[in-house]
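For the numbers below, each heavy atom of this structure counts, side chains included, while hydrogens, waters and symmetry mates do not. In this text the structure is predicted, and so the values were computed from the model without any measurement.
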Amino acid sequence: MDDKFLKPYDPAATEASIYKKWEDSGYFNPDNLPHADKGPFSIVLPPPNVTGTLHMGHAAMLAVEDIIVRHKRMQGYKTLWIPGTDSAAIATQSKVEKEIQKNEKKSRHDLGREELLTRIDAFTEESKTTIINQLRRMGSSLDWSRYAYTMDEVRYSAVMEAFVRMYDAGLIYRGNRIVNWDPKGQTTISDDEIVHEERKASLVTFTYSKDFPIAISTTRLETKVGDTAVAVHPDDVRYKEFVGKTYDVVFAGVPLHIKIVADQSVDPAFGTGALGVTPAHSQTDWDIAERHNLERPQVINEYAKMTVEGELNGKKVLEAREYVLEWLKKEGLLQKEEEITQNVSTAERTGGIIEPLPKLQWFVAVNKPIAERGGKTLKELMRDSVQSGGVTITPERFEKIYFHWIDNLRDWCISRQIWFGHRIPVWYKDGETKVSATSPGEGWEQDQDTLDTWFSSGLWTFSTLGWPEKTDDLKTYHPTALLETGYDILFFWVARMILMSQFLLGEVPFKNVYLHGLVRDSKGRKMSKSLGNIIDPLDMVEKYGADAVRLSLIMGAAPGNDLKLDENRIRGYKNFANKVWNITRFVLESTDTAGEGTVLPEDAVIVEEMRKMSVEVTKHIDDYRLDLAADAAYQCIWYRFADVILEESKPFIKGTDAARAASRATVLRQSLDIILATLHPFMPYVTEEIWGSLPNNKDLLMVESWPVAN
RNA sequence: GCGCGGUUAGCUCAGUUGGUAGAGCAUCCCCUUGACGUGGGGAGGGUCGUAGGUUCAAGUCCUACACCGCGCACCA
């Protein structure tokens, strides 16, 4: 027996060298697996931000994925887990911009596009090793030979190709429409990047002028200088006589031409039952204006400042709101002011208040029939993928949420006014437009905008496999078997991957989706810098070992449920690793003293019991109940094998019946093999370390056969 | 407003097709110095959110309601 078993298990002294052994073996790459005879099993790692650092959410994701991957690998599947990092366009650019502003007091406009991009590339290149090494620390058995970055050459050209194909199919178009403008981030954002925040607001009821017959209500007084109509419900008897009439007023110094229109979308029960229509600054109003052929003057610009004649010009929206209110009071037009709570749309990234503006942007059409896909729309393709069972979502309840999202989906705005990202492959020259991955020639100017980062992420399951080339990897590993990610990016990412894969490849991107919950602190609060309640996974790994951290993120975490993490629990699982260590010591001492021999039937039941435990663990893993799987193993190993079976074995081992002693020692040793193999996906480091010290074990545990057949 | 999830022991959570409530941690008591004190044995502790219903039998199925959390929504 190796002397190291006389001391407690020391993760810090073992983990680095074990990971190196795994990497050197080449077994992370499925091409090198010694016995992979069960067909392919592939997963892509949801790529973390290149410039980010590992947090508990990442650690939980890595634990879940690595457990499944290691389990499949041991079962004999040709198992591939592809690592990668994400450029995270907006997040990364603003991070670098902030740095430069702080250190050099320069804005991106001072630097210019090219210089900023050079700086960003240098920054991402430098910081990517951090996150990559952190992924390793968790024990992740990722195939680094297939590492991908969303902005590397292969992935960049995949994005260009995807854009061109979608454009050619009529699914990408440029249109002047109301978009979500983030004045803080100075870019458009998609509907999904909006967070609704409940805030108090003042609902003001007034008339445009003394002789205007209908009062309207609004929380955004400043936009009223952009009104071109008042809409009422067609059946509303109060206003019937006014429909079709027009009025000229001067409102807060701005001349307006207001038409009274009847529109089904108006709720007669709300407010006065009449709606002031501001086409350029509200989606609803834009639609009404379209139906009634109204003018759509823009009165607010990209900096959330007024652009009208007179006093108001140049004022910020909030100042303008005050100004108009004072004007109403002075003119005696104000009827009522009441406080209400309303949902304000803010940008997820910057927190800026969204300003709906009409802009010329690029969109993906989700309701357009696609000839080469049987006349189905993208929306239908996304819906069918899940409805048909081609993609299953765990836990199932998220399927409903997914359908609901699809049913409310509108065209996806994909152009962003930032510089870092995949540049839109559209070229302009003398009023002509060409769509092509590379420049059509002299004098053609490329579109200034870049693509929504989720556009490129949507290609991830196949761009990582070499698409658009027809590679062997693509043929072997796509569709991938599983996508594991947080429920918070179901729409952003999961849905977009289904969209892209269905259109570009005509197949689903993955067969199963497993959604994990969020990791919270022990009181159930979100971990955040401002609360100071962040538990750093790497600190925990240092203190208790990666195995303990992994277990703490699995146990008690049912799919889709948030997990409350407590440092005490991590400590508890470090104890478990040590327990396994000491079980090994006892078993090795037993074989040392009693020797190995023929197994008697009365002892064989012990091995059978351990095998049963392994069967149970297998079943739970197959159901994606890793929490129950880990718990079953924990219970059986500690409270059954260690507490009962080992205790009962002591008299036999030290007894005078040599045959019985040898039989018992042999059985313990066989049981240990099953225990280590079954535990390996969950606690890869300690099990591999022990395995390497056992006599008769040749190859690495990570490629040992799973104890029970499947 | 529509929808989803949660509500089981002090805390964190299990509870498979309905058959008299479980685990870990915490608490208390005891034991143990040749696998491990990061140990072992034991105890206390719950009218399973509320009110109804179905059933021989409900934590489990049905209907309301309450509270907490979340998602979606063009209520100005």
Review point. What distance do Glu355(A) atom CD and Thr188(A) atom OG1 have between them, rounded to the nearest 0.5 Å?
Key: 14.0 Å

Practice item. Please confirm whether Tyr323(A) and Trp327(A) have ring centers closer than 6.0 angstrom. Key: no

Check your understanding: Once the angle between the rings of Tyr487(A) and Phe398(A) is folded into 0 to 90°, is it parallel (under 30°), tilted (30 to 60°) or perpendicular (over 60°)?
Key -> parallel

Exercise for review: Rounded off to whole Å, could you give me the CZ-to-P distance for the Phe641(A) and A35(B) pair?
Suggested key: 14 Å

Check your understanding: With a 4.5 Å limit on heavy-atom distance, are the side chains of Leu378(A) and Trp412(A) in contact?
Key -> no

Study note, to complete from the structure: The answer to which of Lys619(A) and Asp631(A) contacts RNA chain B further toward the 5' end, by nearest nucleotide, is Lys619(A)

Exercise for review: Using the P atoms only, state how far A9(B) lies from G49(B), rounded to an integer number of Å.
Suggested key: 8 Å

Review point. Just by distance, do the side chain of Glu295(A) and the backbone of Pro297(A) share a donor-acceptor pair under 3.5 Å?
Key: no

Study note, to complete from the structure: Nucleotide by nucleotide, nucleotides 70-76 of chain B touches protein heavy atoms under 4.0 Å in the pattern (B base, S sugar-phosphate only, - none) -SSBBBB

Check your understanding: So do Val324(A) and Lys224(A) actually touch side chain to side chain, heavy atoms under 4.5 Å?
Key -> no

Review point. Below 4.0 angstrom from OP1 or OP2 of G24(B), is there any side-chain N or O of Arg571(A)?
Key: no

Point to revise | Side-chain heavy atoms of Gln335(A) within contact of Thr207(A), under 4.5 Å | key: yes

Review point. Is Lys579(A) side chain donor-acceptor paired with the C36(B) base, going by distance under 3.5 Å alone?
Key: yes

Check your understanding: How does RNA chain B look in dot-bracket notation if pairs are Watson-Crick or G-U with both distances under 3.5 Å, crossing ones as [ ], other-strand ones as |?
Key -> ((((((((.[[[[.)...(..]]]].(((((.......))))).....[[[[[..)....]]]]])))))))....

**Study point:** Within-4.5 Å side-chain heavy-atom neighbours: Gln635(A) and Arg640(A)
**Key:** no

Point to revise | Side chains of Ile406(A) and Phe491(A) in contact at under 4.5 Å (non-hydrogen atoms) | key: no

Review point. What does Ala231(A) touch in the nucleic acid at a heavy-atom separation under 4.0 angstrom: a base, only the sugar-phosphate, or nothing?
Key: nothing

Exercise for review: Nearest whole angstrom, please: distance from the P of G5(B) to the CG of Asp562(A).
Suggested key: 15 Å

Revision key, fill the gap. Per nearest nucleotide of RNA chain B, the residue lying toward the 5' end, Lys564(A) or Arg585(A), is Lys564(A)

